[in-house]
Amino acid sequence: MSRIQPSAIRDVQKKISKKPGVISFAAGLPDPDLFPLEALAVSTEKMIREKGKEAFQYGLTKGYGPMLDKILERMARKENIHATVDNIIMTTGSQQGLALTAMMFLEEGDIVVAENPSYLGGINACRPYGAQFIGVDTDEDGIDTEQLDKVLSENPKVKLLYVIPNFQNPTGKAWTLERRKAFMEVINKYDVMVVEDNPYGEIRFKGEFVPTLKSMDTQGKIIYLGSFSKILAPGLRLAWMCANPEVIKQAELIKEGWDLQCNQFVQVQAVAFMNSYDLEKHIQGIQQAYKDKCELMLAEMEKEFPANVKFTKPEGGMFIWVVLPEHVDANAFLDTALEYGVAYIPGEFFYANEGPKNTMRMNFTTVSEEKIVEGIHLLGKALKSIC
Ligand SMILES: Cc1ncc(COP(=O)(O)O)c(C=O)c1O
């Protein structure tokens, strides 16, 4: 327990929730107005009548067969990942995939390499095992592969790499194809495993599809994590891991001890939903809604923010990353922003070690278009008072 730290982000969110009426860009949630509630209600009722005994019964640790088949078919069709049931296991959210991987690969003194910044939940999943962290920088094209090569050559204790190549949380950045190829060349030289966390890959609303690392994996080094959280609903806690058969066998053994299996009801329910409704069409609706909000927010930021404030222009996902002038401490500035009636997450909390203080993460999915305009105007006003 001494290695587990409370989440600084949760503390910030608590602070924000104490200020009623604040327009908050601090959330990390999908838009609940896009959950297909009616379709889920109809397909779930039918499913209980037709498959109730199966849905309420125990199932296999690996997962419900028809669910695994759906995932394998989708990965082949959409991601060019050609896998078999030996390569996958269902997980309770991709968060459990992260926790399983950490338990499998890490022990005291091992090193985890993560992008600078990265998803705190991934970093925190590694902390209980006494891992140390090294951050590698990213630029507009993705992770800095030269820096990565240097880190790997100088640190034989690196066991795991944790990366989010598509519309990363927190920056919204996506790696180019060239950078992905360069990354694979580097990691193939070393005895390391890579977690490719891809919860946002299907929420591309602009630009061309870029292949996953897993689809380029010739040595079984990539542990790919997929999730229904952002394409259907996170409350289902429905996700999967795709990796080489040895890793999957170990994951199955650990998972059996943790929770026996994923929620059987939810797996049968999601299959019933996908059999009756077009998930791909539903995802297109999410892409369009997020595109509209993201573009509106970027246009307002362009108009309202001081010229020395920079920000990413994501082609998918749920977040925009803002870089303030170097002298601004975004954590201290949050109090000022709250006075103006607007909130965000200070970016320094997304670094495994110390990070720069002049950044913030802004979410565009849960705020209405009207509030986006109002909130960015208020934040712009607050920023002009210090930038
Ligand atoms: C990068 C990343 N990985 C994993 C997760 C957890 O996803 P899940 O709901 O599948 O556990 C999140 C959630 O926001 C995330 O942003």
Side-chain angles (χ1 to χ4, degrees), residues 7-10 12-13 25-32 34-35 63 67 71 74-75 88-102 112-127 133 135 138 142-143 160-175 194-204 212-214 222-242 251 255 258-259 262-263 266-267 270 283 286 290 312 314 316-321 345 347 349-352 361-366:
S7 161
I9 294 174
R10 199 145 290 169
V12 171
Q13 265 152 353
F25 299 110
L29 310 175
D31 184 350
L34 299 172
F35 297 158
M67 182 82 238
I71 290 171
R74 289 190 87 247
M75 280 199 303
I88 57 169
I89 181 170
M90 298 304 296
T91 59
T92 304
S94 36
Q95 191 62 42
Q96 188 177 54
L98 294 167
L100 280 166
T101 312
V112 176
V113 169
E115 288 158 284
N116 244 347
S118 187
Y119 170 60
L120 199 65
I123 290 162
N124 284 346
C126 299
R127 290 202 196 274
F133 299 90
T138 56
I143 196 163
L160 264 189
L161 273 71
Y162 173 57
V163 294
I164 311 161
N166 282 325
F167 322 119
Q168 199 223 33
N169 179 4
T171 62
K173 286 181 186 174
W175 301 6
V194 177
V195 179
E196 178 182 26
D197 192 7
N198 192 29
Y200 303 104
E202 294 193 56
I203 313 291
R204 175 182 281 283
T212 56
L213 302 175
K214 185 69 197 161
I222 307 281
I223 299 169
Y224 176 90
L225 303 181
S227 175
F228 284 93
S229 287
K230 310 302 187 304
I231 57 172
L232 189 52
L236 298 173
R237 310 307 303 129
L238 201 56
W240 68 97
M241 173 192 286
C242 176
K255 186 170 165 62
W258 280 0
D259 60 0
C262 285
N263 186 316
V266 165
Q267 293 181 77
I283 295 172
I286 297 174
Y290 289 2
T312 54
M318 307 194 334
F319 304 104
I320 297 170
W321 183 249
I345 300 284
F349 301 131
F350 296 96
Y351 288 78
R361 188 193 74 176
M362 310 267 295
N363 164 268
F364 52 79
T365 59
T366 45

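Order of appearance sets the numbers: ligands from 1, and atoms from 1 within every ligand. Keep in mind that the numbers below use all heavy atoms, side chains included, and drop hydrogens, waters and symmetry copies.
- Residues C262 and K255 meet the side-chain proximity criterion, which asks for heavy atoms closer than 4.5 Å.
- Remark: N263 pairs with F265, V266 by the side-chain contact (heavy atoms from CB on, under 4.5 Å) rule, at least two apart or across chains.
- A 4.5 Å side-chain heavy-atom check between W240 and F228 finds at least one atom pair inside the cut-off.
- Checking each of Y224, Y162, Y119 against D197 for a side-chain hydrogen bond (donor to acceptor under 3.5 Å, both in side chains) leaves exactly one that passes, namely Y162.
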Atom pairs and distances, ligand 1 N/O vs protein N/O under 3.5 Å:
| unit_1 | atom_1 | unit_2 | atom_2 | d |
| --- | --- | --- | --- | --- |
| ligand 1 | 3 (N) | D197 | OD2 | 2.5 |
| ligand 1 | 7 (O) | S94 | OG | 3.3 |
| ligand 1 | 9 (O) | S229 | OG | 2.6 |
| ligand 1 | 9 (O) | R237 | NH1 | 2.8 |
| ligand 1 | 10 (O) | S94 | N | 2.7 |
| ligand 1 | 10 (O) | S94 | OG | 2.8 |
| ligand 1 | 10 (O) | S227 | OG | 2.7 |
| ligand 1 | 10 (O) | S229 | OG | 3.3 |
| ligand 1 | 11 (O) | S94 | N | 3.0 |
| ligand 1 | 11 (O) | Q95 | N | 3.0 |
| ligand 1 | 11 (O) | R237 | NH2 | 2.8 |
| ligand 1 | 14 (O) | Y200 | OH | 3.4 |
| ligand 1 | 14 (O) | K230 | NZ | 3.2 |
| ligand 1 | 16 (O) | N169 | ND2 | 2.9 |
| ligand 1 | 16 (O) | Y200 | OH | 2.6 |

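- Note that CG of L100 and OG of S94 are 11.5 Å apart. Values are rounded to the nearest 0.5 Å.
- For the pair K173/P165, no side-chain contact is recorded, criterion being any heavy-atom separation below 4.5 Å from C-beta on.
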